[in-house]
2 protein chains.
Amino acid sequence: MAADTSAEPRAWEIVLEHIERQLLSGELAPGDRLPGERALAAELGVGRSSVREALRVLEVLGLIRTHTGSGPSAGAIIISTPGGGMSALMRLQVAASGFPVADIVATRLVLEASVAGDLAAASATDHRPDLAGAERLLDAMDDPGLTAPEFLALDAAFHLALAEASGNQVITATMAGLRSGIEGYALAGLARIEDWHATSARLRSEHRAVVAAIRAADAAAARTRMHDHISGYYAETSPDPARIPA
Amino acid sequence: MAADTSAEPRAWEIVLEHIERQLLSGELAPGDRLPGERALAAELGVGRSSVREALRVLEVLGLIRTHTGSGPSAGAIIISTPGGGMSALMRLQVAASGFPVADIVATRLVLEASVAGDLAAASATDHRPDLAGAERLLDAMDDPGLTAPEFLALDAAFHLALAEASGNQVITATMAGLRSGIEGYALAGLARIEDWHATSARLRSEHRAVVAAIRAADAAAARTRMHDHISGYYAETSPDPARIPA
DNA sequence: CTGCACTGTGTGGTCTGACCACAGTAGCAG
DNA sequence: CTGCTACTGTGGTCAGACCACACAGTGCAG
């Protein structure tokens with residue numbers, strides 16, 4: 001119960017905070033190479049294993065990429081791929097029952113409807129969003145030879161492409177994570193679909209309708225169409241139809 | 001270019017996947033204790049340091065909590081505190097310039113407006129949301145002796161309380177993370193406020209207005225009031241007024 | 001002089017063994 | 001029965017060793 005002002009951080013936390021500080025101060029920036037593990041350990045007065053634990057965290061969080069060997073691409077390099085860390089977080093939290101699937105779907109609903117509305121609004125300005133990538137995916141989804149899982153992968157890529165078109169990296173990364181979190185459920189839900197051919201046709205038509213609303217700069221339509229699209233698919237594949245997010 | 005089907009995962013990934021599998025299969029559930037690090041290492045045929053790297057990741061992600069010593073509370077225990085992992089992720093991504101602050105604010109805007117609207121809609125049903133905690137925070141914010149940082153802390157808690165009242169754990173955790181990511185900016189932005197007394201009064205009045213709209217089951221008003229509340233504060237404290245999320 | 005094989009060096013990746021602080025528990029002394 | 005003392009097992013940390021890898025230089029063969 002003593003008034004411990006220090007709290008004695010663990011060794012790996014020292015490393016993490018050191019790197020975070022250097023990141024905030026600009027001493028380290030994306031593209032830079034971190035000092036070697038041995039050098040970092042000596043510099044901070046901790047063991048190499050503690051350094052490695054911190055680096056492992058940074059790697060999973062999508063902040064660094066490590067390569068063995070020598071040369072300019074070797075070592076730990078600062079990157080910024082938020083999607084990876086978000087996906088790992090969501091996947092594991094779902095696995096540990098920290099995130100109910102229904103909440104993930106509800107969040108996706110909110111974000112995607114907002115993205116669709118924003119894209120439509122942007123279409124009315126001179127900063128028209130680039131939907132070429134998304135539409136290429138829609139064309140690919142028209143291939144009748146696709147299996148259901150292949151179709152779902154393209155579907156996920158389409159939704160992600162819309163998020164990217166919105167330009168909001170946080171929403172893009174979050175949606176990538178949300179999608180990863182429910183990927184298992186999405187695949188399992190396929191079994192609940194009676195007529196895949198009809199469902200696929202409906203999904204494709206809904207996708208086109210969303211894009212059309214965006215291109216027409218009809219924000220309200222874009223929002224509701226995206227909302228109904230996701231909500232409808234979830235209702236069709238959910239094992240518990242009672243708990244459908246509004 | 002040989003057809004490597006294995007790809008030889010790294011040792012710590014083996015551990016991570018093992019635990020994730022056990023989580024998904026129900027073999028491990030929140031509250032359970034993981035085997036000791038030495039036992040896990042022996043069981044999976046990896047070194048203890050590799051096990052520790054995986055556990056460190058799980059800890060930062062908010063999936064386990066570790067305690068030294070002996071007894072029922074010692075060891076690594078499965079928990080589910082998504083907020084922690086989300087906060088670390090956002091904080092570090094902001095530090096590494098992976099997440100622009102403007103995108104975080106924009107995301108917060110979307111989520112909080114949605115939360116406010118949903119709470120208002122719920123107020124019209126018999127499942128009225130519990131706003132007692134949020135209102136207690138509002139009362140605390142009326143204390144004229146508060147410093148600006150103290151006020152901001154209560155403000156953050158208030159917004160989080162609303163998210164919690166919505167019952168969506170994903171949104172709650174995400175908002176906690178978003179908030180952590182821009183905490184530094186929020187504190188730095190205080191310097192840009194000319195008349196803190198007036199700003200504080202306005203913020204408090206806006207908070208009350210949002211809660212009033214929720215209680216009145218006026219979803220549209222709740223949404224717009226929350227939207228304007230956040231957007232307005234950000235406009236006041238942003239160093240770059242040009243980039244205000246719509 | 002050119003080109004290729006070889007060795008050198010530094011990187012992350014991993015394992016092992018050791019020690020520490022800590023907390024509960026069993027056992028002993030009173 | 002009470003209270004103290006070792007004991008045991010936990011995570012936390014460190015040091016050292018070895019490996020695979022990839023580049024950089026060297027030196028020999030042509």
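Below, chains carry the letters A, B, ... as their sequence lines are ordered, and counting in each starts from 1.
- Of the candidate nucleotides C/dG13, D/dG12, D/dT13, C/dG13 has the atom nearest to the side chain of B/Arg10.
- Between A/Arg56 and A/Glu59 there is a salt bridge, since at least one side-chain N of the basic residue sits less than 4.0 Å from a carboxylate O of the acidic one.
- If A/Ser70 and A/Thr66 are placed on DNA chain C by their nearest nucleotide, the residue sitting closer to the 5' end is A/Ser70.
- Distances shorter than 4.0 Å separate some side-chain N or O of A/Ser50 from OP1 or OP2 on D/dC14.
- Residue A/Gly71 is in sugar-phosphate contact alone, with no base atom involved, counting any heavy-atom pair closer than 4.0 Å across all strands shown.
- Side-chain to base pairing of B/Arg38 with D/dG11: one donor and one acceptor N or O lie within less than 3.5 Å of each other.
- Looking at heavy-atom distances under 4.0 Å, B/Ala11 makes contact with sugar-phosphate atoms alone, never a base.
- Closest-nucleotide positions on DNA chain D for B/Pro35 and A/Gly47 were compared, and the one nearer the 5' end corresponds to B/Pro35.
- Contact annotation: side chain of A/Arg48 to base of C/dG13, donor-acceptor pair present below 3.5 Å.
- Near DNA chain D, meaning a heavy atom under 4.0 Å away, there are no residues from residues 53-60 of chain A.
- Rounded to the nearest 0.5 angstrom, B/Leu162 CG and B/Leu111 CG are separated by 13.0 Å.
- The phosphate of D/dG12 has OP1 or OP2 within less than 4.0 Å of a side-chain N or O from B/Arg52.
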